[in-house]
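Taking it in order: structure first as structure tokens, then the write-up.
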Amino acid sequence: MPELPEVETTAALVRPHLEGRVITGARASWLRSLGGPAVAEFEASVVGSRIAEVTRRAKWVVLHLERAGRPAGSILCHLRMTGRLVVDAQPGHADREGAFERVSLGLRGPAGGTATLRFLDVRKFGRFRFVEDHLEALADLGPEPLGEEFTEEWLIRALKARKRVLKPLLLDQTFLAGLGNIYVDESLFQAGLHPERSAHQVPKDRARALHGAIQSTLRQAIEREGSSFDAFYRTPEGQPGSYQHLFRVYGREGKPCPTCGRPIKRLVVAQRGTHICTRCQPAPRAPGKRR
DNA sequence: CTATGGCCCTGGTTGC
DNA sequence: TGCAACCAGGGCCATA
């Protein structure tokens, strides 16, 4: 579920509760969440380390660890579809959410106070794993859409170089890192591009429009702490985001296009539900049309 | 290289 | 009301 804006929000809200704290214990009730090693091995890797910094890379939350002031690996957390990070100041609650806890870390603050970081994940697709070298572990990711490397010129050239359908290319994290199904649909709509166009046939001015659309969509979504439209995504504080109120096409099948009023259509592109306005995002070629 | 389909999981919604 | 089918903010892997 969570895409870049939701992960950015998660990292920002969890950061002040984690930075400077020391990990005093680790528990895992769903082994696969750890992405490989046994619980004991994971525990040995992280217990005793201090969380020096919390950052985001693409859809990953990165907890940078230190021992005796020196770098000591990282915890990489990917929320996938239903993952959440929450910090409890009090001992864990055994409510409904507690049932979805997959991993947790005990924490001690510099002043002595304790807390618990919980990784909750209904569908269990998410990951909460330790790596020695986060740069190596995340080396295959493409540029950050809000980073310096992602310029209009970069996008123009990168699109031209790929012989792929546009939407799946934008979802490919090795091409551009952080977009998911929602923000791709929203960005393509805003740029007036049909999701099934060939990347290398996108004209320069459309590529520029797409660049702007991606950045403005993500920035506005971050401002609103992401999108929430069912029980799943909540910020670590338990609040829903509010960007869903600004969706122009995603999840709006049959509702009027905000630009031209035509009903939004839903199609499937690369196995993903896809939402477009057929007028504002003209198809690459009129399929089956001849005369 | 690119594309496709299965798979990992659970829960909410829809339709008969 | 009951129940099956379908759907979901993701990504990996094997196969053409």
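Letters A, B, ... mirror the listed sequences (proteins, then strands); counts begin at 1.
Stretches of at least 3 consecutive Watson-Crick or G-U wobble pairs, with each checked distance under 3.5 Å, appear in DNA chain B as B:2-8 with C:10-16, B:10-16 with C:2-8.
Distance, Arg32(A) CZ to dT10(B) C1': 14 Å, rounded to whole Å. In this structure, Arg127(A) atom CZ and dC9(B) atom P are separated by 8 Å, rounded to whole Å. At whole-Å resolution of the value, CZ in Arg102(A) and C1' in dC9(B) are 9 Å apart. What separates CZ of Arg80(A) from P of dC7(B) is a distance of 17 Å, to the nearest Å. The NZ-P distance, from Lys167(A) to dA3(B), rounds to 14 Å in whole Å. Note: CD (Gln201(A)) to C1' (dT2(B)) measures 15 Å, nearest angstrom. Counting to the nearest Å, the P atom of dG10(C) and the CZ atom of Phe232(A) are 14 Å from each other. Atoms OH (Tyr183(A)) and C1' (dG9(C)) sit 8 Å apart, rounded to a whole Å.
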Does Leu188(A) form a side-chain contact (heavy atoms from CB on, under 4.5 Å) with Leu170(A)? I'd like the steps, not just the answer. CA-CA 10 Å; Leu188(A) 287 171; Leu170(A) 295 174; 3.9 Å; yes
Before you tell me yes or no, could you show the steps for Phe189(A) and Phe247(A) under side-chain contact (heavy atoms from CB on, under 4.5 Å), namely the whole-Å CA-CA distance, both residues' side-chain angles and the distance that decides it to 0.1 Å? CA-CA 10 Å; Phe189(A) 170 77; Phe247(A) 287 170; over 6 Å; no
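At dG12(B), none of the side-chain N or O atoms of Arg123(A) fall inside 4.0 Å of OP1 or OP2 (strictly under the cut-off). OP1 and OP2 of dG10(C) both lie 4.0 Å or more from every side-chain N or O belonging to His78(A). Distances shown here put every side-chain N or O of Gln173(A) at or beyond 4.0 Å from the OP1 or OP2 atom of dG10(C). Contact annotation: Lys124(A) reaches the phosphate of dT10(B) (side-chain N/O to OP1 or OP2, under 4.0 Å). Of the side-chain N and O atoms in Arg164(A), one or more sit less than 4.0 angstrom from OP1 or OP2 of dA3(B). The side chain of Gln271(A) contributes no N or O atom lying less than 4.0 Å from OP1 or OP2 of dT4(B). Within the structure, every side-chain polar atom (N or O) of Lys59(A) is placed at least 4.0 Å from both OP1 and OP2 of dG9(C). Contact annotation: Arg162(A) side-chain N/O to dT2(B) OP1/OP2 distance is under 4.0 Å.
Glycosidic conformation of dG9(C) is syn; the angle stays within 90° of 0.
Spacing of C1' atoms, dG9(C) relative to dA3(B), comes out at 23 Å, to the nearest Å. With P as the reference atom, dG5(B) and dC6(C) are 16 Å apart, rounded to whole Å.
A donor-acceptor contact closer than 3.5 angstrom links the side chains of Thr82(A) and Asp121(A). The closest side-chain donor-acceptor pair between Ser49(A) and Arg67(A) falls under 3.5 angstrom. For the 3.5 Å distance criterion, the side chains of Glu101(A) and Ser29(A) fail to qualify, holding no donor opposite an acceptor.
When Phe128(A), Phe119(A), Tyr233(A) are each tested for a side-chain contact (heavy atoms from CB on, under 4.5 Å) with Leu79(A), only one passes: Phe119(A).
Both geometric conditions, a ring-centre gap below 5.5 Å and a plane tilt below 30°, are not fulfilled together for Phe125(A) over the base of dG11(C).
Of the possible polar contacts, one joining the Gln244(A) side chain to the Ser228(A) backbone as a donor-acceptor pair under 3.5 Å is found.
Note on Asp230(A): a base of the nucleic acid sits closer than 4.0 angstrom, heavy atoms only. As judged by a 4.0 angstrom heavy-atom cut-off over every strand, Trp30(A) is placed among residues touching the sugar-phosphate backbone only.
Checked against the 6.0 Å centroid criterion, the rings of Trp30(A) and Phe125(A) do not qualify as a close aromatic pair.
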